[in-house]
There are 2 protein chains.
Amino acid sequence: MRTLYHFPLSGPSRKVRIALREKELDFDLVLEKPWERRAEFIALNPAGEVPVLVEPHGTVLADGQAICEFLEEVYPQRPLLPRDAPARAEVRRLVGWFDGKFGREVTDALVGEKMLKRMTRRDTPNSALIRLGLTAIRQHLDYIGELAERRRWLGGDEFSLADISAAAHLSTVDYIGDVPWSDFEPAKDWYARIKSRPSFRPILADHVPGAPPPAHYADLDF
Amino acid sequence: MRTLYHFPLSGPSRKVRIALREKELDFDLVLEKPWERRAEFIALNPAGEVPVLVEPHGTVLADGQAICEFLEEVYPQRPLLPRDAPARAEVRRLVGWFDGKFGREVTDALVGEKMLKRMTRRDTPNSALIRLGLTAIRQHLDYIGELAERRRWLGGDEFSLADISAAAHLSTVDYIGDVPWSDFEPAKDWYARIKSRPSFRPILADHVPGAPPPAHYADLDF
C-alpha cells in the first residue's frame with residue numbers, strides 16, 4: 001500500500017493529499033509531528049519535513065512539489081498540469097507563488113505563529129508578524145480573485161496544481177478562521193468550487209485535537 | 001533575443017543563469033532591483049520577484065524553478081533532469097531543499113540580513129538571525145558533503161538541477177565570505193568542480209558596487 005506521512009495543518013501535506021485523490025490513488029495516512037524529529041522519519045526524509053510519500057514498491061519521495069511532479073509523470077490520468085510548455089510554466093509559476101510567497105507571507109505568519117508555535121511549545125507568537133500576515137492575505141485574496149475572474153481556474157482553463165497549491169495553503173489559514181471571505185467575493189466563489197470537489201472532502205473533515213475549526217470551515221455554503 | 005531580469009545576489013536568478021548557459025542558450029541580462037517595484041517589472045511578474053525570463057517570441061516566465069522546468073521541456077539538449085521518474089523526484093527533492101530550506105535557513109539569514117537589508121535601507125540586520133544562519137550553514141555543508149561522497153553529483157550520477165540550485169544559493173553566501181570551507185572538505189571538493197564549469201564563470205565574475213567579494217570567491221583553487 002502507498003503511505004503518506006503528513007501533518008493536517010501543513011499546506012504541502014494537504015497539496016499531496018488532494019493530488020492523490022484527484023488521481024484516484026489509494027493511500028494510508030500516517031500522522032507525523034515533524035518537530036518531534038522521530039529517527040525513523042528523519043531516515044525517510046533528512047529534511048525532517050512533511051509530506052513524505054512511500055510508494056507501494058518502496059520508493060520514498062519527499063517535498064510536496066517533487067511528489068506532485070512524480071505523480072504527474074507516473075500516473076498521467078486526470079492530468080494536473082496542462083500539455084504545452086508555456087501553460088505548464090504558468091501553472092508552475094503559481095505553484096511557486098503559493099508554496100513560496102504565500103507560504104512565507106501568510107501561512108508562516110498566521111498558522112505558523114498562532115498554531116504551530118502553540119503546539120510545539122517552542123516560542124511565543126510574534127504579534128507583529130501576525131499583523132503582517134493579516135495584511136498580506138488581503139493582497140493574495142485580491143490576486144486569486146483577479147485570476148479567477150480572468151480564467152476558469154487559477155492557472156488556466158483546467159483545474160491544475162495551481163488551484164491545488166493555493167487551496168492547500170489557504171485552507172490551513174481558513175482552519176484558524178483568518179480568511180476574510182466576505183470582502184473577497186471572486187476568491188470566495190473560486191474556493192467554493194474547490195470545496196465541492198470530492199478530492200477536498202477529507203481536508204474539510206480534518207480536526208486537530210484541542211483546536212477545532214470554525215463552523216464555516218467545512219460548510220460548502222460559507 | 002532572450003532577456004533575463006535578474007539580481008546578482010538572488011539565488012533563483014543565479015540558478016536560471018547557470019541553467020541557460022548549461023543549455024548553451026544566449027540571453028541578455030537586465031539588472032533588476034526588485035525592492036524598487038518598478039511598474040514595468042511588476043507588469044511582467046506581479047510577484048515582484050526575480051528572475052523573470054522573456055523568451056525570444058515574447059513568452060514571459062517567472063519563478064526560478066518554473067523557468068528551469070520550462071527550459072528542460074523546450075530545450076531538451078544537455079538535460080538537467082534524469083530520465084526516470086524516481087531519479088527526477090530525487091533531484092526535485094533536493095531542488096526543494098536548496099530553494100526552500102537552505103534559502104530560509106541560510107540565504108535569507110545571511111545574505112538577506114547582511115546585504116539586502118543594507119542595500120534596501122529598510123531595516124537593521126537581525127544579529128540573532130545571522131547567528132542562526134551561521135549555525136545552519138554548517139549542517140547544510142555536512143549534508144552536501146555526505147551526498148557528494150555517496151554520488152558523483154548531488155542528485156545522482158549526472159550533473160543536474162540539484163547541483164545548480166545548491167551552487168546558486170551557496171555562491172551568494174560565498175560572495176559575502178560566510179562559507180566555512182576549510183571545515184568541510186567534501187562539500188568544498190564538490191564546489192570546486194562546480195566552479196570550474198564554464199556555465200559558472202559569469203557568476204564568479206559578479207561584482208556588486210560597493211560590496212566586492214572576498215579574494216577566494218572567484219578563485220578556482222580556494
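Naming: A, B, ... by sequence-line order, numbering from 1 per chain.
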Item checked: B/Arg78 atom CZ: more than 12 heavy-atom contacts under 6.0 Å -> no
Margin query: Please find the pair of heavy atoms, one from B/Gly96 and one from A/Asp63, that lie closest to each other, and give the distance.
Written below: CA-OD1, 3.4 Å
Checklist line | Heavy-atom closest pair, residues B/Ala66 and A/Ala89 | finding: CB-O, 3.9 Å
Note to self: To check you understand the geometry: which heavy-atom pair defines the closest contact between B/Phe70 and A/Ala85, and what is its length?
What the structure shows: CD1-O, 3.7 Å
Margin query: Is it the case that atom CD in B/Glu158 sees more than 12 heavy atoms from other parts of the structure closer than 6.0 Å?
Written below: no
Next item on the list: Can you establish whether the number of heavy atoms outside B/Arg88 located under 6.0 Å from its atom CZ is more than 12?
Entry: yes
Checklist line | Non-hydrogen side-chain atoms of B/Glu69 and A/Glu69 separated by less than 4.5 Å | finding: yes
Check: Looking at A/Tyr143 and B/Pro46, what are the two nearest heavy atoms and their distance?
Finding: OH-CG, 3.4 Å
Notebook entry, point to check: Between B/Arg93 and A/Asn45, what is the shortest heavy-atom contact and its length?
Noted result: NH1-OD1, 4.3 Å
Item checked: Part of A/Glu73 lying under 4.5 Å from any heavy atom of chain B -> side chain
Next item on the list: Tell me, for A/Glu49 versus chain B, whether the close heavy atoms (under 4.5 Å) come from the side chain, the backbone, both or neither.
Entry: side chain
Next item on the list: Mark yes when over 12 heavy atoms from residues, nucleotides or ligands other than A/Arg83 sit less than 6.0 Å from its CZ; otherwise mark no.
Entry: no
Notebook entry, point to check: Run the salt bridge (charged side-chain N to carboxylate O under 4.0 Å, His left out) check on B/Arg92 and A/Glu72 step by step: do they pass?
Noted result: CA-CA 13 Å; B/Arg92 289 193 179 110; A/Glu72 187 68 8; over 6 Å; no
